[in-house]
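Here is the structure we will look at.
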Amino acid sequence: MKSINYRVFIFIIILAVSFFFIYSNYFQKEKNNQNISLEAEEEISTNSNIIKDIKYSSKDLKGNEYIILADEGEIDLDNSDIIFLKNVKAFLNLIEKNETITVVSDFGKYNTINYDTIFSQNVRIQYQDNSITGDYLDFSMKKNLLIISKNVVYTNPTNILKADVVELDTITKDTKIFMHNSKDKVNIESRN
């Protein structure tokens, strides 16, 4: 009888140890899987750098206001001060002359520290009766300068001008027009 009780006792211990071993391994794997999925969710949320309906506003010392709007922006993972924008619209409200310069483009690259902005694809500048279109625009708020290049067309009520580069001082409205290839001439068409 002792021998049967001894065997049953050993069997129960082996069964208990086996159960404990299997149980702990199963739940340990389950716990590791939960940790992995939590880490993956954290990684996804921290890598999600898309922002919808963006609006930035800044003013210079003279009170001129720069407002930039975009449907969507993506923060540069290498430099969090840079945001890549889609469907961009910007307004430069000049307080002294009570004027607004409007810029529209498909894409933009905005620096949140110095407010410099690069606009690209289907760029259009509108101010007073003037319109300038092109493929690339570099705006410096510090220098008060808009430089538009690539397929530039400058239009006002009396002329159409095609050039390589147009620089526009946002304060004085002084405009410089450049042609880089000396064989080409500035193409001006008069509107009548």
Side-chain angles (χ1 to χ4, degrees), residues 49-51 53-189:
N49 55 357
I50 305 293
I51 304 169
D53 299 322
I54 295 174
K55 179 180 180 182
Y56 284 103
S57 177
S58 59
K59 286 188 179 183
D60 65 12
L61 296 175
K62 296 177 184 177
N64 299 315
E65 185 177 27
Y66 179 53
I67 301 168
I68 188 162
L69 309 168
D71 289 346
E72 183 178 290
E74 181 176 353
I75 300 169
D76 185 342
L77 294 176
D78 296 328
N79 181 354
S80 62
D81 299 333
I82 302 295
I83 300 177
F84 298 102
L85 307 170
K86 289 182 182 176
N87 299 322
V88 187
K89 192 168 195 176
F91 303 95
L92 184 56
N93 299 317
L94 306 173
I95 205 79
E96 261 182 49
K97 298 187 179 190
N98 197 24
E99 295 175 340
T100 299
I101 297 173
T102 305
V103 179
V104 178
S105 72
D106 292 345
F107 301 99
K109 180 181 175 184
Y110 179 70
N111 186 315
T112 60
I113 301 299
N114 61 17
Y115 315 116
D116 286 353
T117 310
I118 294 173
F119 299 87
S120 60
Q121 292 189 16
N122 299 313
V123 179
R124 189 175 76 244
I125 302 171
Q126 190 71 43
Y127 71 98
Q128 298 173 346
D129 290 339
N130 302 292
S131 177
I132 306 171
T133 60
D135 293 334
Y136 185 86
L137 169 65
D138 190 351
F139 170 62
S140 171
M141 188 166 179
K142 184 177 180 180
K143 295 178 184 177
N144 297 310
L145 192 62
L146 292 165
I147 301 172
I148 189 165
S149 59
K150 299 183 182 176
N151 301 314
V152 179
V153 178
Y154 181 98
T155 309
N156 65 25
T158 57
N159 296 305
I160 298 173
L161 174 89
K162 296 178 183 176
D164 288 329
V165 177
V166 172
E167 287 185 10
L168 172 66
D169 184 309
T170 59
I171 303 299
T172 65
K173 301 296 184 313
D174 289 341
T175 305
K176 296 178 184 176
I177 300 166
F178 299 95
M179 290 298 294
H180 295 294
N181 189 344
S182 61
K183 292 180 184 178
D184 292 336
K185 294 182 181 175
V186 174
N187 182 3
I188 301 175
E189 299 174 20

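Computed from a predicted model, the values in this text were never measured in an experiment.
Taking the side chain to side chain contact (heavy atoms under 4.5 Å, CB included) definition, one finds that Thr175 meets it with Tyr127, Tyr154, Val166, Leu168, Ile177, sequence neighbours left out. Thr100 meets the side chain to side chain donor-acceptor pair (under 3.5 Å) test with Asn93; sequence neighbours excluded. Residues satisfying the side chain to side chain donor-acceptor pair (under 3.5 Å) criterion with Asp138, sequence neighbours excluded, are absent altogether. Ile113 is linked by a side chain to side chain contact (heavy atoms under 4.5 Å, CB included) to Asp81, Asn111, counting only residues two or more places apart in sequence or in another chain. Remark: Tyr56 pairs with no residue by the side chain to side chain donor-acceptor pair (under 3.5 Å) rule, at least two apart or across chains. Take Ser80 and apply the side chain to side chain contact (heavy atoms under 4.5 Å, CB included) test, not counting sequence neighbours, and it matches Ile75. Remark: Lys86 engages Glu72 in a salt bridge (Lys or Arg N to Asp or Glu O under 4.0 Å) (not counting sequence neighbours). With sequence neighbours left out, Tyr66 forms a ring pair (Phe, Tyr, Trp, His ring centres under 6.0 Å) with Phe139. Under the side chain to side chain donor-acceptor pair (under 3.5 Å) criterion, Glu74 pairs with no residue at all, not counting sequence neighbours.
No more than 12 heavy atoms of other residues, nucleotides or ligands shown are found within 6.0 angstrom of CG on Asn98.
The main-chain N or O of Lys62 is found under 3.5 Å from a side-chain atom of Asp60 such that the two form a donor-acceptor pair. With Asn64 contributing its side chain and Ile95 its backbone, the two residues share a donor-acceptor pair below 3.5 Å.
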Kindly list each side-chain donor-acceptor pair under 3.5 angstrom involving residues 144-153, sequence neighbours excluded, with atom names and distances?
from   : atom 1 : to     : atom 2 : distance (Å)
Asn151 : ND2    : Asp135 : OD2    : 2.4

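Put simply, CD1 on Ile51 and CG on Asp71 are 13.5 Å apart, with the number rounded to the nearest 0.5 Å. Atom OH in Tyr136 sits 14.5 Å away from atom CZ in Phe107 (nearest 0.5 Å). Taken to the nearest 0.5 Å, the OG1 atom of Thr158 stands 4.0 Å off from the CG atom of Asn156. Residue Thr133 holds its OG1 atom at 9.0 Å from CZ of Arg124, rounded to the nearest 0.5 Å.
Between Leu85 and Ile83 the shortest heavy-atom distance is CD2-CG2, 3.5 Å. Between Val123 and Ser105 the shortest heavy-atom distance is CG2-CB, 3.9 Å. When every heavy atom of Lys59 is checked against every heavy atom of Met141, the shortest pair comes out as C-CE, 3.9 Å. The nearest pair of heavy atoms linking Ser57 to Ile67 is OG-CG1, 3.9 Å. Across Ala90 and Phe119, no two heavy atoms sit closer than the pair CB-CZ, 3.8 Å.
Pairs engaging residues 89-116 under the salt bridge (Lys or Arg N to Asp or Glu O under 4.0 Å) rule: Glu99-Lys173 [sequence neighbours left out]. For residues 78-105, the set of pairs meeting the ring pair (Phe, Tyr, Trp, His ring centres under 6.0 Å) definition, not counting sequence neighbours, is empty.
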Thr117 and Val88: CA distance, side-chain angles, deciding distance, side-chain contact (heavy atoms from CB on, under 4.5 Å) verdict: CA-CA 11 Å; Thr117 310; Val88 187; 5.6 Å; no
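A side chain to side chain contact (heavy atoms under 4.5 Å, CB included) with Leu92 is found for exactly one of Ile125, Ile101, Val103, namely Ile101.
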